[in-house]
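The structure displayed is predicted, hence computed values, not measured ones. Letters A, B, ... mirror the listed sequences (proteins, then strands); counts begin at 1.
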There are 2 protein chains.
Amino acid sequence: MTDGVAERSRPRDRILETAQDMFHKHGIKGVGVDAITEAAGTNKMTLYRHFESKDELVVECLRATAAKASRMWDEFEAQHPGDKLAQLHAWVRKASELLSADSRGCDMANAAVELTETDHPARRVIKELKEAQREKLVALCHDAGIGQAELLADTLSLLLEGARVSMQSVGAEGPSAQFVRMAESLIASFRAR
Amino acid sequence: MTDGVAERSRPRDRILETAQDMFHKHGIKGVGVDAITEAAGTNKMTLYRHFESKDELVVECLRATAAKASRMWDEFEAQHPGDKLAQLHAWVRKASELLSADSRGCDMANAAVELTETDHPARRVIKELKEAQREKLVALCHDAGIGQAELLADTLSLLLEGARVSMQSVGAEGPSAQFVRMAESLIASFRAR
DNA sequence: TCTGGAAGTTACAGACCGGTAACACCCTAG
DNA sequence: CTAGGGTGTTACCGGTCTGTAACTTCCAGA
């Protein structure tokens, strides 16, 4: 009954996975450590033996989700080896799939909105991870033979970020519904230069 | 000393104004009613005589900020009477000004991120107000003589929404720095059809 | 079989949260 | 001058929050 997450894994892993899920669904300030440990089938003491504070748990969760997102790049390379342009289109397709499958947007962006304390430990890693993602997309655009790679990458980033937050305020039938169309015609117009 | 907001206005107005400011800066769940009333130079009882709950206060704050944003449209019309295309460019310029002046983004979008409870009274008004804003921008694009007015308006919306949330995670030097450039070349390419 | 460390349990501290009751005050309209 | 409504003050309620202490239980490895 207490088995929300696979029972036969280490408590630390269960806590991390459960916390990721609950922070994602309900927000960081919307979930207490008691609720996390209960859903993970463990207890508060065990959580504080593995994470020195809730803030540090948040940081670990963000790193974990970023690592998962980072693995998608490997899939693109595996699906279209060497074909960077195809990988860029795969990126667009994947982004729209994730938009359709989940309406709570990006954990890092959401965390940045929630955690307004300027010295919160999560803010630093959010910036780092987002910058790393940006560099990857810039490189992909560049290797795909696009001239203004940075500008295209940044525009696509803003479109996706906007789509994810727009879904949360106006829903999936709002402007975000046109994301693929916007992204594809953007890529086309950049390639035409 | 307790005079954060003009002392010689009605308590209700001071509370509303102070709450807007504090919710904007620190988030909704990051601010308690005690802190609001203290900053407004009044007390909790007075707050609860004018607003039936914190949630309702949040709703009123969102309506107030939306009303303020709505007034900007009148400025555009006053500055460029009848010239809808010039008003559209004024919209872009104003948006970028606000981006530079404030890094905490859109109150409604931020609230949608924070308030994950699906039945929260604010969610309804966020959707209504965002839809109203969308219709205004679509109408402006349409009246400016742009063919695919909805698509341009939605794309501009996502870009702006993305810029506002991107600033909060990666800062002002990130992708959002290129917002004006992106928006202007988008408008140009839509006009060229 | 024994032992040591990881995990679970219970209870608690101290702070903060949203919200309310009872009462004193002050200022203005009549 | 007086009545009454808006406001301020104090104290409180029940609940939740992060984080800790002290203790017990369990289990794997030697």
Using a cut-off of under 3.5 Å, enumerate the N/O to N/O pairs linking the protein to nucleotides 3-8 of chain C.
unit_1	atom_1	unit_2	atom_2	d
dA7(C)	OP2	His50(A)	NE2	2.9
dA7(C)	N7	Arg49(A)	NH1	3.3
dG8(C)	OP2	Thr42(A)	OG1	2.5
dG8(C)	OP2	Asn43(A)	ND2	3.4
dG8(C)	OP2	Thr46(A)	OG1	3.0
dG8(C)	O5'	Asn43(A)	ND2	3.3
dG8(C)	N7	Arg49(A)	NH1	3.4
dG8(C)	O6	Arg49(A)	NH2	2.6

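Using a cut-off of 4.0 Å between Lys/Arg side-chain N and Asp/Glu carboxylate O, Lys130(B) and Glu135(B) are scored as not salt-bridged.
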Show me the donor-acceptor pairs, under 3.5 Å and distance only, between side chains in residues 170-181 of chain A and residues at least two apart or in other chains.
unit_1	atom_1	unit_2	atom_2	d
Gln178(A)	OE1	Arg181(A)	NH1	3.3

Which donor-acceptor pairs under 3.5 Å do the side chains of residues 55-68 of chain B make with protein atoms, sequence neighbours left out?
unit_1	atom_1	unit_2	atom_2	d
Asp55(B)	OD1	His120(B)	NE2	3.0
Thr65(B)	OG1	Cys61(B)	O	3.2
Thr65(B)	OG1	Leu62(B)	O	2.9

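Spacing between atom CD of Glu117(A) and atom P of dT18(D) amounts to 13 Å, rounded to whole angstrom units. Distance Lys54(B) NZ to dT16(D) C1': 13 Å, rounded to the nearest Å. The CZ atom of Phe51(B) sits 11 Å away from the P atom of dT7(D) (whole-angstrom rounding). Residue Glu38(B) contributes atom CD, which lies 13 Å from atom P of dT10(D) at whole-angstrom precision. Between the CD1 atom of Ile15(B) and the C1' atom of dT7(D) there is a distance of 10 Å, rounded to whole Å. Between the CG atom of Asp55(B) and the P atom of dC17(C) there is a distance of 15 Å, rounded to whole Å. Whole-Å rounding puts the Asp34(A) CG to dT18(D) P distance at 7 Å. Distance, Tyr48(A) OH to dT9(C) P: 18 Å, rounded to whole Å.
Environment of NE2 in His26(A): crowded, with over 12 heavy atoms of neighbouring residues, nucleotides or ligands closer than 6.0 Å.
Applying the 3.5 Å distance criterion, the base of dG19(C) shares a donor-acceptor pair with the side chain of Lys44(B).
Every salt bridge (charged side-chain N to carboxylate O under 4.0 Å, His left out) that Lys29(B) has, sequence neighbours left out, goes to Glu117(B). Considering only residues two or more places apart in sequence or on other chains, Glu184(B) meets the side chain to side chain donor-acceptor pair (under 3.5 Å) condition with His89(B).
If you check the side chains of Thr46(A) and Asn43(A), you find a donor sitting under 3.5 Å from an acceptor.
The side-chain heavy atoms of Lys25(A) and Arg104(A), taken from C-beta on, include no pair separated by under 4.5 Å.
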- [ ] Dot-bracket notation for DNA chain C is requested: 5' to 3', Watson-Crick or G-U wobble pairs only, both distances under 3.5 Å, with ( ), [ ], | and . as defined.
- [x] ||||||||||||||||||||||||||||||

Open item on the list: Is there a salt bridge (Lys or Arg N to Asp or Glu O under 4.0 Å) between Arg134(B) and Glu131(B)? Walk through the geometry before answering.
Closed with: CA-CA 5 Å; Arg134(B) 183 193 185 194; Glu131(B) 280 169 353; over 6 Å; no

